[in-house]
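Here's the structure, in structure tokens; my notes come after.
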Amino acid sequence: MSEVCVRVAVRVRPLLPREVLHHHRVCVRVVPGSAQLMLGSDRLFSFDHAFGPAASQDDVYESCVQHLVKAAVDGYNATVFCYGQTGSGKTYTLGGRNPEGGLIDRIARDLFVLVEDKTKSDDAEKVTVHVSYMELYKDELRDLLELPTIHKELFIREDERGNTGDERPWINIFLVSFYIIKWIG
Ligand SMILES: Nc1ncnc2c1ncn2[C@@H]1O[C@H](COP(=O)(O)OP(=O)(O)OP(=O)(O)O)[C@@H](O)[C@H]1O
């Protein structure tokens, strides 16, 4: 695995139909064959990965995320997060409401394949997968696995070992085991 702990990818989304209609123009472009982005004609920014408007969800997943799923199953901590201004494509990239699916779909698919492989190996241990799904919007925390709580005050707490999520019932945590989802909240 790479020695670098934090890697940054930039993704330029295509113009939306309404932007084309309003004659908006793209002002950034990926320098071909590089991980650099040119803003205007002379401002160059370097990243670990740079994806242009034609990049697919698979391109992003396979270059930036897939190896982290493997690492997580091998016992490493891994975090992937999207950051950007409103409308820049964070939800799209993660997988919200588009037929191609996104990172979350691909992570879930590969995670269970890897977990299943692991449980078949000779030194197999019991593997459990937990999932929580929350959104921090402005200063409000929303539990996306229990929409009726959307207007409740929710908190994230850490225990003495730095683990989050033990503060149930604040945030729902579901135990997921081989595609069977059981409520343990
Ligand atoms: N790579 C892409 N290819 C095609 N359409 C995209 C792409 N990225 C984003 N879009 C479209 O751009 C619009 C805005 O994207 P999205 O909702 O993902 O932004 P966001 O960063 O999550 O915004 P917000 O912070 O407001 O929730 C959506 O209509 C989405 O379908």
*Side-chain donor or acceptor of R11 paired with backbone N/O of A55 under 3.5 Å*: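 Between the backbone of A55 and the side chain of R11 there is a qualifying donor-acceptor contact (under 3.5 Å).
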*Verify, without hydrogens or angle tests, whether D59 (side chain) and S56 (backbone) share a donor-acceptor contact under 3.5 angstrom.*
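Flag set: sc D59 to bb S56 pair under 3.5 Å.
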Just how far is it from atom [atom1] of [X] to atom [atom2] of [Y], taken to the nearest 0.5 Å?
X: S34; Y: L44; atom1: OG; atom2: CG; result: 7.0 Å
X: L15; Y: L21; atom1: CG; atom2: CG; result: 11.5 Å
X: L94; Y: I104; atom1: CG; atom2: CD1; result: 5.0 Å
X: Q66; Y: L114; atom1: CD; atom2: CG; result: 8.5 Å

Cluster question for you: counting only ILVMFWY and a side-chain heavy-atom cut-off of under 4.5 Å, with indirect links fine, are [X] and [Y] together?
X: V12; Y: V31; answer: no
X: V8; Y: M38; answer: no
X: F47; Y: V65; answer: no
X: Y133; Y: F112; answer: yes
X: V28; Y: V60; answer: no

Please find the pair of heavy atoms, one from [X] and one from [Y], that lie closest to each other, and give the distance.
X: C82; Y: T93; value: SG-CG2, 4.4 Å
X: V6; Y: V4; value: O-CG1, 3.2 Å
X: H49; Y: C64; value: CD2-SG, 3.6 Å

Heavy atoms, side chains only, cut-off 4.5 Å: are [X] and [Y] in contact?
X: Q57; Y: Y92; value: yes
X: D105; Y: Y61; value: no
X: R29; Y: L37; value: no

*Hey, is D110 close enough to R106 for a salt bridge, meaning N to O under 4.0 Å?*
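Between R106 and D110 there is no salt bridge, as every charged N stays at least 4.0 Å from the carboxylate O atoms.
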_Using side-chain contact (heavy atoms from CB on, under 4.5 Å), reason through V30 and F51 one step at a time and then give a plain yes or no._
CA-CA 7 Å; V30 175; F51 300 97; 5.9 Å; no
_Distance alone, cut at 3.5 Å: any donor-acceptor contact between the side chains of S88 and R13?_
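Short answer, no.
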_Please verify the inter-ring angle class for H22 with H24; under 30° counts as parallel, over 60° as perpendicular, anything in between as tilted._
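Tilted, since the angle between the ring planes falls between 30° and 60°.
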*Evaluate the salt bridge (Lys or Arg N to Asp or Glu O under 4.0 Å) criterion for residues D74 and K70: first the C-alpha distance (whole Å), next the side-chain angles of each, then the deciding distance (0.1 Å), finally the verdict.*
CA-CA 6 Å; D74 288 340; K70 168 98 180 58; 2.9 Å; yes
*If you count the non-hydrogen atoms of other residues, nucleotides and ligands that lie under 6.0 Å from CD in Q85, is the total more than 12?*
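Incorrect, the count does not exceed 12.
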*For side-chain contact (heavy atoms from CB on, under 4.5 Å), just list the numbers for V10 and F45, CA-CA rounded to whole Å, side-chain angles, deciding distance to a tenth of an Å, and then say yes or no.*
CA-CA 10 Å; V10 64; F45 297 87; over 6 Å; no
